[in-house]
Amino acid sequence: MLDIPMFRRRFFILLALGFCGLLAVAARTFELAVMRHDANVGKGRRAATVKRQIFPPRARLLDRNGVPLAWSEHFYDLHYIPSPAVLPEHAEILLHRYDATLKLAEGVLRRNLTPEALPLADAALGTCPAFKIQERRERLRIGDTAMRTLLGDVAFEDKCLRGISGFELQYDATLRGEPAVFDVLLDRERNWIKDTWTLLTPLVPGQDVRLPKSLEEYQKEVDHAQQP
């Protein structure tokens with residue numbers, strides 16, 4: 001025979017246990033959604049935030065009279081970098097609309113974009129993450145091989161032109177300056193998210209170096225050194 005009082009007690013015990021379980025789940029959900037919201041958002045931002053640097057242009061080497069002996073020039077190249085977010089067929093259509101003479105291939109599509117061509121390329125391809133306009137810096141020097149050896153050479157190290165010989169090495173810190181350091185949020189494609197950067201260290205421009213002799217005097221020195 002069914003024991004009604006015992007059945008009721010068990011029913012209310014199970015009901016109470018279930019209600020306590022629901023309260024525990026609700027409390028945990030509230031804690032994660034409300035109490036820890038700021039902390040979780042902070043963790044997510046830290047995971048997506050990276051430090052980046054912007055290097056100033058390398059300054060010039062000048063002779064005693066202010067004649068440029070070594071200087072930097074900037075060039076801009078159009079690159080295609082395959083992205084899982086962009087179908088090659090779609091990228092090819094965009095590229096053909098921009099310039100029908102270009103063929104889609106990984107790497108540099110066009111070198112030395114002119115100032116007039118930069119906004120056109122950005123307008124046609126800038127919304128597609130597979131296309132990048134990347135800056136390229138080159139160091140130019142005056143004179144023959146012997147003169148260029150005296151002036152010195154540079155090399156890219158950590159995305160910065162650094163002096164490795166001659167006057168370029170001797171005055172490297174002055175010519176190079178200091179980069180700006182900042183934090184920025186990245187999207188899933190590892191691209192910068194607009195208006196999310198925070199400056200940590202300001203940029204310090206490089207300073208021109210005026211050498212103690214004229215170009216003619218340095219030329220005489222290197223010519224004399226080459227004589228038998």
Side-chain angles (χ1 to χ4, degrees), residues 50-62 67-143 145 148 151-164 168 172 175-199 202-208:
V50 296
K51 279 187 171 59
R52 289 288 186 265
Q53 293 180 318
I54 295 179
F55 292 91
R58 189 173 180 84
R60 302 175 299 168
L61 278 172
L62 309 174
V67 176
L69 304 179
W71 64 95
S72 298
E73 289 192 6
H74 294 211
F75 303 92
Y76 295 89
D77 304 328
L78 175 63
H79 294 250
Y80 171 65
I81 304 172
S83 167
V86 181
L87 293 174
E89 295 82 1
H90 178 61
E92 193 165 16
I93 291 173
L94 290 177
L95 182 64
H96 189 268
R97 288 176 182 171
Y98 164 66
D99 189 334
T101 65
L102 295 178
K103 294 187 179 298
L104 189 69
E106 184 173 358
V108 180
L109 297 176
R110 172 163 289 166
R111 297 175 67 87
N112 302 336
L113 291 171
T114 64
E116 296 78 17
L118 281 172
L120 296 176
D122 184 62
L125 306 171
T127 58
C128 180
F131 294 106
K132 307 286 185 183
I133 297 176
Q134 296 184 350
E135 180 187 18
R136 173 169 48 87
R137 300 180 183 180
E138 290 189 5
R139 193 69 168 170
L140 304 180
R141 292 163 295 170
I142 201 169
T145 301
R148 292 196 295 270
L151 295 174
D153 207 350
V154 297
F156 267 104
E157 295 180 9
D158 299 325
K159 299 182 179 180
C160 174
L161 280 175
R162 297 177 182 270
I164 59 174
E168 293 279 11
D172 181 62
L175 294 165
R176 178 164 36 93
E178 294 294 335
V181 181
F182 60 95
D183 283 341
V184 66
L185 284 173
L186 302 182
D187 61 18
R188 293 182 179 180
E189 296 294 324
R190 309 299 292 175
N191 296 313
W192 296 4
I193 298 177
K194 186 179 180 181
D195 298 329
T196 63
W197 66 278
T198 302
L199 183 66
L203 182 143
V204 179
Q207 300 295 317
D208 290 345

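All of these numbers come straight from a predicted model, not from anything done at the bench. The first residue in the sequence is number 1, and the count goes up from there.
To the nearest 0.5 angstrom, T198 atom OG1 is 10.5 Å from K51 atom NZ. Annotation: the span from F75 atom CZ to R111 atom CZ amounts to 9.0 Å, rounded to 0.5 Å. Annotation: the span from L95 atom CG to K103 atom NZ amounts to 10.0 Å, rounded to 0.5 Å. Here L69 contributes atom CG and L140 contributes atom CG; the two are 12.5 Å apart, rounded to the nearest 0.5 Å. Rounded to the nearest 0.5 Å, atoms CG (L151) and CZ (R139) are 9.5 Å apart. Atom-to-atom distance recorded for E106:CD and Y80:OH is 8.0 Å, nearest 0.5 angstrom.
Of all heavy-atom pairs spanning R148 and I142, the tightest one is CG-O, 3.6 Å. Closest non-hydrogen pair, L94 versus A124, comes out as CD2-O, 4.4 Å. Taking all atoms of both residues into account, the shortest heavy-atom contact from R137 to P56 is NH1-O, 3.3 Å. Taking all atoms of both residues into account, the shortest heavy-atom contact from V108 to H79 is CG2-CE1, 3.3 Å. Heavy atoms only, all atoms of each residue included: P68 and L62 are closest at CA-CD2, 3.6 Å. Annotation for P179 and F55: closest pair CB-CD2, 3.6 Å, computed over non-hydrogen atoms.
Judged by distance alone, with hydrogens and angles left aside, the side-chain atoms of D153 form no donor-acceptor pair with the main-chain N or O of I164 at under 3.5 Å. The backbone N or O of G206 lies less than 3.5 Å from no partner atom in the side chain of R176, so there is not a single donor-acceptor pair. Within the 3.5 Å criterion, the main-chain N or O of L161 finds a donor-acceptor partner in the side chain of R58. Put simply, the side chain of S83 never gets that close to the backbone of P129: no donor and acceptor are under 3.5 Å apart.
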Run the side-chain contact (heavy atoms from CB on, under 4.5 Å) test on L78 and L125 for me, step by step, so that the C-alpha distance in whole Å, both residues' side-chain angles and the decisive distance to 0.1 Å come before the verdict.
CA-CA 10 Å; L78 175 63; L125 306 171; 3.8 Å; yes
Residues R136, H74; criterion side-chain contact (heavy atoms from CB on, under 4.5 Å); working and verdict
CA-CA 6 Å; R136 173 169 48 87; H74 294 211; over 6 Å; no
Going through the checks in order, is the side-chain contact (heavy atoms from CB on, under 4.5 Å) test met by L104 and F131?
CA-CA 10 Å; L104 189 69; F131 294 106; 4.1 Å; yes
Are F182 and I54 close enough, and set up right, to give a side-chain contact (heavy atoms from CB on, under 4.5 Å), and what steps lead you there?
CA-CA 8 Å; F182 60 95; I54 295 179; 3.5 Å; yes
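Using a 4.0 Å cut-off between a side-chain N of Lys or Arg and a carboxylate O of Asp or Glu, E168 and R141 do not qualify as a salt bridge.
Using a 4.5 Å cut-off on side-chain heavy atoms (C-beta onward), Q134 and I81 make contact. The shortest distance between side-chain heavy atoms of V184 and I193 does not fall below 4.5 Å. No side-chain heavy atom of D77 sits less than 4.5 Å from a side-chain heavy atom of I133.
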